[in-house]
Amino acid sequence: EMRERYMVSPQKTALAITIANREREILKDIDYENGYSLYVGIPFCPSICLYCSFSSYPLKQWKNRVNQYLEALCKEIKEVAAIMKAKGRKLDTVYIGGGTPTTLEPEQLKVLLDALMENFCCENLAEFTIEAGRPDSITREKLMMIRNYPITRISVNPQTMNQETLDIIGRRHTVEETKQAFMLARECGFDNINMDLIVGLPGEDKIMVENTLNEVKALAPDSITVHSLAVKRAARLNIFKDKYQEMTFENNQEIMEMTMKTACEMGMGPYYLYRQKNMKGNFENVGYAEVDKAGIYNILIMEEKQPIIALGAGGSSKLVFDHGARIERVENVKDVRNYITRIDEMIERKRVAVDRCL
């Protein structure tokens, strides 16, 4: 059907079927009808990357508002937990993303994680992930604070292991800092670490991507996610495109096959896939993982089989109902100031939507 009706190549058809079979096995114990997943957004970053279109704010300018943001977020956590308990829903996975959650100081991380543990039942989670995405935000003290909680998976995201590219895209850390952050996480006892990579970054050719893959292979993470660069309207790379018009953006089948080959050499198989508009080379994002190290939340957010409740500025909840036949979105405002001042409105939006749909 895929090959004949939709003209999908045999290679892509095989990839899709392989992933579908693995997803089915991974999700076999997830209760779609009575379960849900939770996303918690921390919208602060050390700096804003050139390609980023997320609701992210540079920490240096917003440092004085972080505690106010956490106060509002903890209120949303408490109220939404009560709403979902009243519905008898079981929490399956938690994902703390952003932004960069590890821009929070250790005591701020404690406030957030305590609020989650006190209000949600986190004892029997299938997965609890926190992004430690920017190496320049990772310290031993923060990692040890995270280790005090039942967090099963973290991300340490280099995007590239080429210093000149890091400088161009605005990631103010070095390749060496990425390696140090990863090894520090291993020293602290994390045994399920993901690394995100982006193919098609400005100025990067096959040789540079190969260098990134070799460096990552030497670190031996438990999973990698290979993203094809997608430049959205809100990204600085698009807003100021005249400034960057001489940059080259290269992605092709040879490069994508090289990423798959490297993942296989690392003992990883593909476990989820999705496509976006405006992707360089019209390719896709593919997650690879070792056995039992796949990101369950990543699959659930894409497959839309169960409700995803999103907390924090810019959070977009997906309420899946009628046995998966219908989906309704409930949006939080993106602006941090509005989120803080309108937190009661954000909570009420969810209360009304959950009562109607679930």
Side-chain angles (χ1 to χ4, degrees), residues 38-49 52 54-59 63 66 69-70 73 93-117 122 125 127-161 166 169-198 212 215-216 219-227 287 289-290 293-298 311-312:
L38 186 70
Y39 176 85
V40 183
I42 304 298
F44 307 106
C45 275
S47 62
I48 307 305
C49 297
C52 182
F54 292 115
S55 301
S56 296
Y57 298 79
L59 182 67
K63 205 169 184 65
V66 174
Y69 177 79
L70 281 177
L73 180 57
T93 72
V94 177
Y95 192 102
I96 304 177
T100 306
T102 42
T103 52
L104 298 180
E105 295 299 324
E107 282 305 309
Q108 292 171 330
L109 281 168
K110 185 177 188 303
V111 167
L112 171 62
L113 293 168
D114 281 347
L116 288 169
M117 299 302 296
C122 297
L125 292 177
E127 178 182 87
F128 194 151
T129 297
I130 184 166
E131 284 190 11
R134 291 283 292 265
D136 45 341
S137 71
I138 297 172
T139 65
R140 182 181 294 274
E141 193 178 2
K142 291 178 186 180
L143 290 173
M144 293 310 295
M145 178 61 72
I146 293 168
R147 287 285 291 157
N148 290 329
Y149 298 85
I151 289 164
T152 56
R153 182 175 179 273
I154 67 170
S155 288
V156 178
N157 299 334
Q159 315 300 17
T160 177
M161 296 294 261
L166 289 172
I169 63 179
R171 288 177 76 87
R172 296 173 185 169
H173 62 83
T174 65
V175 171
E176 191 57 35
E177 283 176 315
T178 300
K179 296 177 183 178
Q180 290 170 359
F182 182 90
M183 290 185 286
L184 182 59
R186 285 291 197 224
E187 284 176 26
C188 292
F190 290 96
D191 62 0
N192 191 352
I193 305 177
N194 175 73
M195 300 189 90
D196 279 5
L197 311 176
I198 299 179
T212 291
E215 294 277 14
V216 168
L219 291 172
D222 306 285
S223 63
I224 60 173
T225 308
V226 180
H227 298 267
E290 296 175 359
K293 298 298 174 72
I296 301 171
Y297 174 88
N298 289 339
L311 311 181

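Excluded from the calculations below are hydrogen atoms, water molecules and symmetry mates; all remaining heavy atoms, backbone and side chain alike, are included. Because the structure is a prediction, the values reported are computed rather than measured.
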Q: Arg172: which residues meet the salt bridge (Lys or Arg N to Asp or Glu O under 4.0 Å) condition with it, sequence neighbours left out?
A: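 Scan of Arg172 (salt bridge (Lys or Arg N to Asp or Glu O under 4.0 Å), adjacent residues dropped) gives none.
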Q: Mind checking whether Arg171 and Pro135 have side chains closer than 4.5 Å, heavy atoms only?
A: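 SC-SC contact between Arg171 and Pro135 confirmed.
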Q: If you measure from CD on Gln159 to OG1 on Thr178, what distance do you get to the nearest 0.5 Å?
A: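 Answer rounded to 0.5 Å: 9.5 Å.
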Q: Got a second to check how far Leu104's CG is from Thr102's OG1, nearest 0.5 Å?
A: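 Between atom CG of Leu104 and atom OG1 of Thr102 there are 8.0 Å.
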Q: Does the side chain of Ile42 come within less than 4.5 Å of Thr100's, by heavy atoms?
A: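 The answer is no, as the side chains (C-beta and beyond) never meet within the 4.5 Å cut-off.
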Q: Applying ring-ring contact (aromatic ring centres under 6.0 Å, His included), name anything that partners Tyr297, two or more places apart in sequence or on another chain.
A: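 ring-ring contact (aromatic ring centres under 6.0 Å, His included) list for Tyr297, sorted by chain: Tyr95.
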Q: Any side-chain heavy atom of Thr139 sitting closer than 4.5 Å to one from Leu184?
A: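 Not in contact.
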Q: Stepwise, does the side chain to side chain contact (heavy atoms under 4.5 Å, CB included) test hold for Leu143 with Phe190?
A: CA-CA 9 Å; Leu143 290 173; Phe190 290 96; 3.8 Å; yes
Q: Just how far is it from atom SG of Cys122 to atom CD1 of Ile151, taken to the nearest 0.5 Å?
A: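 If we round to the nearest 0.5 Å, Cys122:SG and Ile151:CD1 are 9.5 Å apart.
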Q: Within the structure provided, determine whether Met145 and Lys142 are in side-chain contact (heavy-atom separation under 4.5 Å).
A: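 The answer is no; the side chains never approach within 4.5 Å.
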Q: For the pair Ile193 and Leu219, evaluate side chain to side chain contact (heavy atoms under 4.5 Å, CB included) and give the outcome as yes or no after the intermediate values.
A: CA-CA 10 Å; Ile193 305 177; Leu219 291 172; over 6 Å; no
Q: Could you check whether any side-chain N or O of Asn157 sits under 3.5 Å from a backbone N or O of Asp196, counting only pairs where one atom can act as donor and the other as acceptor?
A: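 At least one qualifying donor-acceptor pair exists.
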Q: Less than 4.5 Å apart, any side-chain heavy atom of Pro221 and any of Phe182?
A: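 Result yes, sub-4.5 Å side-chain heavy-atom pair found.
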Q: Decide side chain to side chain contact (heavy atoms under 4.5 Å, CB included) for Leu125 and Thr93; before the verdict, give the C-alpha distance in whole Å, the side-chain angles of both, and the deciding distance to 0.1 Å.
A: CA-CA 6 Å; Leu125 292 177; Thr93 72; 5.9 Å; no
Q: Between Arg153 and Phe128, is NZ or CZ placed under 6.0 angstrom from the six-membered ring centre and within 45° of the ring axis?
A: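 Negative - Arg153 is either too far from the ring of Phe128 or too far off its axis.
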Q: If you take all heavy atoms of Thr103 and Ser137, which pair is closest and at what distance?
A: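 That would be N-CB, 4.1 Å.
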Q: Is a donor on one side and an acceptor on the other found under 3.5 Å between the side chain of Glu177 and the backbone of Thr174?
A: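 Yes, Glu177 side chain to Thr174 backbone: donor-acceptor pair under 3.5 Å.
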Q: Test side chain to side chain contact (heavy atoms under 4.5 Å, CB included) on Val94 and Glu127 and set out the steps.
A: CA-CA 6 Å; Val94 177; Glu127 178 182 87; over 6 Å; no
Q: As an exercise, state the distance from CE of Met195 to OG1 of Thr225, rounded to the nearest 0.5 Å.
A: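 Nearest 0.5 Å value for the CE-OG1 distance: 11.0 Å.
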Q: Roughly how far apart are Met117 CE and Lys110 NZ, rounded to 0.5 Å?
A: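 If we round to the nearest 0.5 Å, Met117:CE and Lys110:NZ are 11.5 Å apart.
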Q: Mind checking whether Glu141 and Glu105 have side chains closer than 4.5 Å, heavy atoms only?
A: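 Not in contact.
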Q: With sequence neighbours left out, write down each residue that passes salt bridge (Lys or Arg N to Asp or Glu O under 4.0 Å) with Lys293, or none if nothing qualifies.
A: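 Checked Lys293 against salt bridge (Lys or Arg N to Asp or Glu O under 4.0 Å); matches are Asp222.
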Q: Looking at Leu113, Thr129, Ile154, which hits side chain to side chain contact (heavy atoms under 4.5 Å, CB included) with Ile96?
A: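 For Ile96, the side chain to side chain contact (heavy atoms under 4.5 Å, CB included) test succeeds with only one of Leu113, Thr129, Ile154, which is Leu113.
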Q: Looking at every heavy atom in both Ile138 and Ala132, which two are closest together, and how far apart are they?
A: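 Shortest heavy-atom separation between Ile138 and Ala132 comes out as CD1-O, 3.1 Å.
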Q: Just wondering, do Lys179 and Pro158 contact through their side chains at under 4.5 Å, heavy atoms?
A: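 When only atoms from C-beta onward are counted, Lys179 and Pro158 do not touch, as no gap falls below 4.5 Å.
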Q: Using every non-hydrogen atom in the two residues, find where Val216 and Met161 come nearest and quote the distance to one decimal.
A: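 It is CG2-CG, 4.1 Å.
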Q: So, taking the atom named OG in Ser223 and the one named CG in Asn192, what distance separates them when rounded to the nearest 0.5 Å?
A: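 The OG atom of Ser223 sits 6.0 Å away from the CG atom of Asn192.
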Q: Do Leu197 and His227 have side chains that approach each other closer than 4.5 Å (heavy atoms only, starting at C-beta)?
A: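 No, every pair of side-chain atoms sits at 4.5 Å or beyond.
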Q: Evaluate the criterion side chain to side chain donor-acceptor pair (under 3.5 Å) for residue pair Ser47 and Arg134; output intermediate values, then yes/no.
A: CA-CA 10 Å; Ser47 62; Arg134 291 283 292 265; 2.7 Å; yes
